[in-house]
Amino acid sequence: MRIVRMIHHKCRLGFYSTSNVKRFEVTEDKVPWDVEYPEYKPVEYTSPVLKGKPWADPEIGEPSFKPKWNSLDGKINRRSFVGDYVINEAGYPLNPIGRTGIAKRGLLGRWGPNHAADPIVTRWKRDAQGVIEKNEDTKRPILQFVAIKRRDTGAWAIPGGMVDPGETVSATLKREFMEEAMSSLGQDKEERNKLEKSMKEFFEKGDEIYKGYVDDPRNTDNAWMETVALNFHDDDHSVFGNIMLVAGDDASKAKWMDIDNRLNLYASHAEFIRKIVEKYGAHW
């Protein structure tokens with residue numbers, strides 16, 4: 001059951017994200033759908049913030065809503081990285097990992113998979129003379145990554161976001177990073193164009209760190225988060241050396257954060273960071 005604990009833990013804890021709705025208790029052994037749990041009666045919850053939003057699906061059962069599950073539905077990607085998911089007798093997609101204690105969509109706009117992209121921008125921590133700093137105990141070089149503080153939960157996170165219908169993952173990665181960590185939305189057109197030009201090449205060459213299901217506190221039995229996380233490494237500080245990080249959009253703060261094993265980040269983000277540490281042989 002170790003896999004369940006790692007990727008399906010935060011979405012089973014207590015109250016649903018940013019609400020007073022309490023999840024029906026699901027112990028670790030009762031997570032899989034193929035384990036009988038006749039007492040299971042999840043609370044149904046769809047946040048009122050979704051009503052009337054153009055990016056959100058209608059309710060299942062509405063005559064005009066005929067989604068193409070497990071496929072590309074027009075410009076909306078309803079395919080899961082995990083594989084084909086089950087549609088139950090009532091017509092609802094089932095979370096491929098298992099029970100969460102909450103039914104319906106919660107805060108998520110799409111039934112089934114909701115796709116995001118997470119750009120993990122890293123660099124080596126250097127002293128005033130430009131020498132890479134090492135941890136005194138492990139003697140390994142210290143990595144830093146660009147972290148943002150989410151406005152909704154107050155948790156530190158990777159500056160990612162949702163993939164818009166028809167948008168490429170690479171476009172999402174650049175857009176979300178610039179909006180959340182560089183406050184590009186607040187710049188005039190000339191400054192924004194100059195910034196986008198300098199970032200374009202940098203964000204074209206990323207290494208895939210993870211692609212799949214995310215242990216996100218917004219997940220429900222019928223809607224869940226999936227992501228593609230890519231690492232973009234500024235090895236010699238040549239890209240971000242003279243660029244100030246400024247929080248914007250969904251972020252309240254942005255900064256370069258030292259990486260170690262005490263990181264407490266949103267959803268599965270700490271696990272993504274750990275994979276990068278292993279890749280570079282950095283301090284953890």
Original post:
Is a side-chain donor or acceptor of His283 paired with a backbone partner of Glu136 at a separation under 3.5 angstrom?
Top reply: no

**OP:** Test Tyr16 against every option in Leu107, Asn219, Thr100 by the side chain to side chain contact (heavy atoms under 4.5 Å, CB included) rule and name the one that passes.
**Re:** Leu107

Original post:
Heavy-atom distance under 4.5 Å between the side chains of Arg110 and Pro93, does that happen here?
Top reply: no

Original post:
Can you tell me if Arg23 uses its side chain to pair, donor with acceptor, with the backbone of Cys11 under 3.5 Å?
Top reply: yes

Subject >> Asp73 side chain vs Pro67 backbone, donor-acceptor pair below 3.5 Å >> reply: no

Original post:
Which pair of non-hydrogen atoms, one from Val169 and one from Ala117, has the smallest distance, and what is that distance?
Top reply: CG1-CB, 4.0 Å

Subject >> His269 side chain to Ile158 backbone, donor-acceptor under 3.5 Å >> reply: yes

Subject >> Met162 side chain reached by Trp55 side chain, heavy atoms, under 4.5 Å >> reply: no

Original post:
Got a second to check how far Lys125's NZ is from Leu143's CG, nearest 0.5 Å?
Top reply: 11.5 Å

Subject >> Minimum-distance pair of heavy atoms, taken over all atoms of Arg79 and Pro113 >> reply: O-CG, 3.6 Å

Original post:
Can you check whether Phe81's main-chain N or O pairs, donor with acceptor, with Glu226's side chain at less than 3.5 Å?
Top reply: yes

Original post:
Are Met257 and Ile142 in one and the same hydrophobic cluster, where Ile, Leu, Val, Met, Phe, Trp and Tyr link if side-chain heavy atoms are under 4.5 Å apart?
Top reply: no

Subject >> Residues Ile276, Ile209; criterion side-chain contact (heavy atoms from CB on, under 4.5 Å); working and verdict >> reply: CA-CA 7 Å; Ile276 295 173; Ile209 299 300; 3.7 Å; yes

Original post:
Do side-chain atoms of His237 reach the backbone of Trp124 as a donor and acceptor pair under 3.5 angstrom?
Top reply: yes

**OP:** List the atom of Asp137, the atom of Asn135, and the distance in Å for their closest heavy-atom pair.
**Re:** N-OD1, 2.8 Å

Original post:
Does Tyr92 share a hydrophobic cluster with Ile76, counting links as ILVMFWY side-chain heavy atoms below 4.5 Å and allowing steps through other members?
Top reply: no

Subject >> Positive for side-chain hydrogen bond (donor to acceptor under 3.5 Å, both in side chains) with Asp118, one of Thr172, Thr227, Asn231 >> reply: Thr227

Subject >> Euclidean distance, Gln144 CD relative to Ile259 CD1, rounded to 0.5 Å >> reply: 8.0 Å

Original post:
Side chains of Tyr266 and Asp216: donor-acceptor distance under 3.5 Å anywhere?
Top reply: yes

Original post:
Is it true that atom CD of Glu36 has more than 12 heavy atoms of other residues, nucleotides or ligands lying nearer than 6.0 Å?
Top reply: no

Subject >> Interatomic spacing from CG in Leu265 to CZ in Arg274 - rounded to 0.5 Å >> reply: 13.0 Å

Original post:
Do any N or O atoms from the side chain of Ser252 and from the backbone of Lys149 form a donor-acceptor pair under 3.5 angstrom?
Top reply: yes

Original post:
Is there a donor-acceptor pair under 3.5 Å between the side chain of Trp284 and the backbone N or O of Thr138?
Top reply: no

**OP:** For the pair Trp224 and Tyr85, name the ring-plane relationship: parallel under 30°, tilted 30 to 60°, perpendicular over 60°.
**Re:** perpendicular

Subject >> Straight-line distance of Asp84 CG to Trp69 CH2, nearest 0.5 Å >> reply: 13.0 Å

Subject >> side-chain contact (heavy atoms from CB on, under 4.5 Å) assessment of Thr220 paired with Trp111 >> reply: CA-CA 10 Å; Thr220 72; Trp111 295 100; over 6 Å; no

Original post:
Would Val228 end up clustered with Val121 when hydrophobic side chains under 4.5 Å apart are linked, directly or stepwise?
Top reply: yes

**OP:** Mark yes when over 12 heavy atoms from residues, nucleotides or ligands other than Glu278 sit less than 6.0 Å from its CD; otherwise mark no.
**Re:** yes

**OP:** Identify the two heavy atoms, one from Val82 and one from Pro96, that lie closest to each other, and give their separation to 0.1 Å.
**Re:** CG1-CB, 4.0 Å

**OP:** Kindly say whether Ser268 contributes a backbone atom to a donor-acceptor pair with the side chain of Asp215 at under 3.5 angstrom?
**Re:** no

Subject >> Same apolar cluster: Leu108 and Phe15, side chain cutoff 4.5 Å >> reply: no

Original post:
What residue pairs, at least two apart or across chains, pass side chain to side chain donor-acceptor pair (under 3.5 Å) with a residue in residues 40-52?
Top reply: Tyr40-Asp221

**OP:** Answer yes or no: is there a side-chain heavy-atom contact under 4.5 Å between Phe145 and Leu263?
**Re:** yes

**OP:** Output, in order, the C-alpha distance, side-chain angles, deciding distance and verdict of side-chain contact (heavy atoms from CB on, under 4.5 Å) for Tyr37 and Phe24.
**Re:** CA-CA 12 Å; Tyr37 192 8; Phe24 191 93; 3.3 Å; yes

Subject >> Any Arg140 side-chain heavy atom under 4.5 Å of Val277 side chain >> reply: no

Subject >> Lys68 atom NZ, over 12 foreign heavy atoms within 6.0 Å >> reply: no

**OP:** Begin from the C-alpha positions of Glu271 and Tyr210 and carry the test side-chain contact (heavy atoms from CB on, under 4.5 Å) through to its verdict.
**Re:** CA-CA 9 Å; Glu271 183 66 17; Tyr210 180 81; over 6 Å; no

Original post:
How many angstroms lie between NZ in Lys211 and CG in Leu230, if you round to the nearest 0.5 Å?
Top reply: 9.5 Å

Original post:
Where do Lys104 and Asn222 come nearest, in terms of heavy atoms and distance?
Top reply: N-OD1, 2.7 Å

Subject >> ILVMFWY cluster, Val86 and Val26 together (side-chain gap under 4.5 Å) >> reply: yes

Subject >> Between Trp156 and Asn264, a side-chain donor and acceptor under 3.5 Å >> reply: no

Subject >> Within 6.0 Å of CD in Glu25, more than 12 heavy atoms from elsewhere >> reply: no

Original post:
Does a side chain donor of either Ser238 or Asp236 reach within less than 3.5 Å of an acceptor in the other side chain?
Top reply: yes

Subject >> Minimum heavy-atom distance between Ala223 and Asn114, given as atom pair plus value >> reply: CB-ND2, 4.1 Å

Subject >> Sidechain-backbone polar pair: Arg218 side chain, Gly106 backbone, donor-acceptor under 3.5 Å >> reply: no

**OP:** Have a look at Asp57 and tell me which of Lys66, Arg78, Arg105 forms a salt bridge (charged side-chain N to carboxylate O under 4.0 Å, His left out) with it.
**Re:** Arg78

